[in-house]
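Have a look at the structure below, then the notes.
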Protein chains: 2
Amino acid sequence: MTKNRNPLSAREILARNLKDMRGKLGLSQEALADMAGLHRTYVGSVERAERNISIDNIERLAKALNVHTSSLLME
Amino acid sequence: MTKNRNPLSAREILARNLKDMRGKLGLSQEALADMAGLHRTYVGSVERAERNISIDNIERLAKALNVHTSSLLME
DNA sequence: ATGTGACTTTTAGTCCGTT
DNA sequence: GAACGGACTAAAAGTCACA
């Protein structure tokens, strides 16, 4: 029997992807925040899945990371 | 030379997908809104790309439509 | 069955700092 | 460099009466 993992929320998936992709580009939270026109502390809280981010800001982060918006939500 | 169409915003992609998927299921805006625990007029305004919807509400709509959150943002 | 404008409540998002 | 906190302002959530 396979384990019953509880599904990640969309917030958590986004948080993980953000952190991964940012790390692969060697960017700090602050650098990414600047590129996306957002605040340093805000990006941090999104990566901790604490914030209910809006679609416009998901898009800004995607553009800063040079990926499609949907890929930030892909599991 | 291929035409230079301006890219759809994430809002517009979501709006189009929402409308399409809802239509294919034969649901009214009100029925979908009820299933997602949202207000009828709110869902309407999201389908018109008027609102900057948050990730939690995108997820509620995805669950109501029985699709993955990322597929609502897929072009 | 959907669109619109107006509205109040809640939260997104910023900015200051400390650990 | 990142987590975390408090206080603040801008904007999203959520609702309604009416077209």
Side-chain angles (χ1 to χ4, degrees), chain A residues 6-75, chain B residues 6-75:
Chain A
N6 46 346
L8 294 171
S9 67
R11 277 192 201 201
E12 290 167 329
I13 294 171
L14 176 70
R16 197 198 50 189
N17 287 340
L18 217 49
K19 223 172 168 170
D20 283 358
M21 294 178 182
R22 176 175 67 74
K24 276 180 187 154
L25 294 176
L27 297 169
S28 66
Q29 289 180 349
E30 186 163 20
L32 174 59
D34 287 349
M35 292 166 74
L38 295 170
H39 200 269
R40 168 182 76 77
T41 60
Y42 184 69
V43 170
S45 65
V46 170
E47 284 192 359
R48 272 173 266 122
E50 289 170 1
R51 296 268 184 164
N52 184 15
I53 189 173
S54 70
I55 192 171
D56 285 2
N57 281 345
I58 298 174
E59 187 172 31
R60 296 177 96 163
L61 289 167
K63 284 192 170 130
L65 292 167
N66 230 332
V67 296
H68 195 273
T69 308
S70 64
S71 70
L72 281 180
L73 294 176
M74 232 120 166
E75 212 161 1
Chain B
N6 46 345
L8 293 171
S9 68
R11 276 193 205 202
E12 290 168 329
I13 294 171
L14 175 71
R16 197 200 49 190
N17 287 341
L18 217 51
K19 222 172 168 170
D20 283 358
M21 294 177 182
R22 176 175 67 75
K24 275 179 188 154
L25 295 176
L27 297 168
S28 66
Q29 289 180 350
E30 185 162 20
L32 174 60
D34 287 348
M35 293 166 73
L38 296 170
H39 200 271
R40 170 185 79 77
T41 60
Y42 182 69
V43 170
S45 64
V46 170
E47 284 193 357
R48 272 172 268 120
E50 289 169 0
R51 293 224 186 200
N52 184 15
I53 189 174
S54 70
I55 192 169
D56 286 1
N57 281 345
I58 298 174
E59 187 172 32
R60 297 178 95 160
L61 289 167
K63 284 194 170 127
L65 291 167
N66 228 338
V67 295
H68 195 274
T69 308
S70 65
S71 70
L72 281 180
L73 292 177
M74 232 120 166
E75 212 160 0

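Being a predicted model, the structure only gives us computed values, none of them experimental. Note that these values count all heavy atoms, side chains included, but never hydrogens, waters or copies made by symmetry. Letters A, B, ... mirror the listed sequences (proteins, then strands); counts begin at 1.
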Heavy atoms under 4.0 Å is the rule here; annotate nucleotides 11-18 of chain D 5' to 3' with B where the base is hit, S where only the sugar-phosphate is, and - elsewhere. -SBBBBBB
Starting at atom [atom1] of [X], determine the distance to atom [atom2] of [N], rounded to an integer number of angstrom.
X	N	atom1	atom2	answer
A:E47	D:dG1	CD	C1'	12 Å
B:Q29	C:dT2	CD	P	4 Å
A:E50	D:dA2	CD	C1'	12 Å
A:L27	D:dG1	CG	P	12 Å
B:L18	C:dT2	CG	C1'	14 Å

Between D:dA3, C:dT2, D:dC4, spot the one nearest the side chain of B:R22, thanks.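 Selected nucleotide: C:dT2.
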Contact check, side chains of [X] and [Y], non-hydrogen atoms, under 4.5 Å:
X	Y	result
B:L14	B:L61	no
A:L18	A:L72	yes
B:K19	B:R22	yes
B:M74	B:V67	no

Quick one: do B:K63 and B:E59 make a salt bridge, cutoff under 4.0 Å? yes
Once side chain to side chain donor-acceptor pair (under 3.5 Å) is applied, do any residues pair with A:T41, and if so which ones, sequence neighbours excluded?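 Expected list: A:H39.
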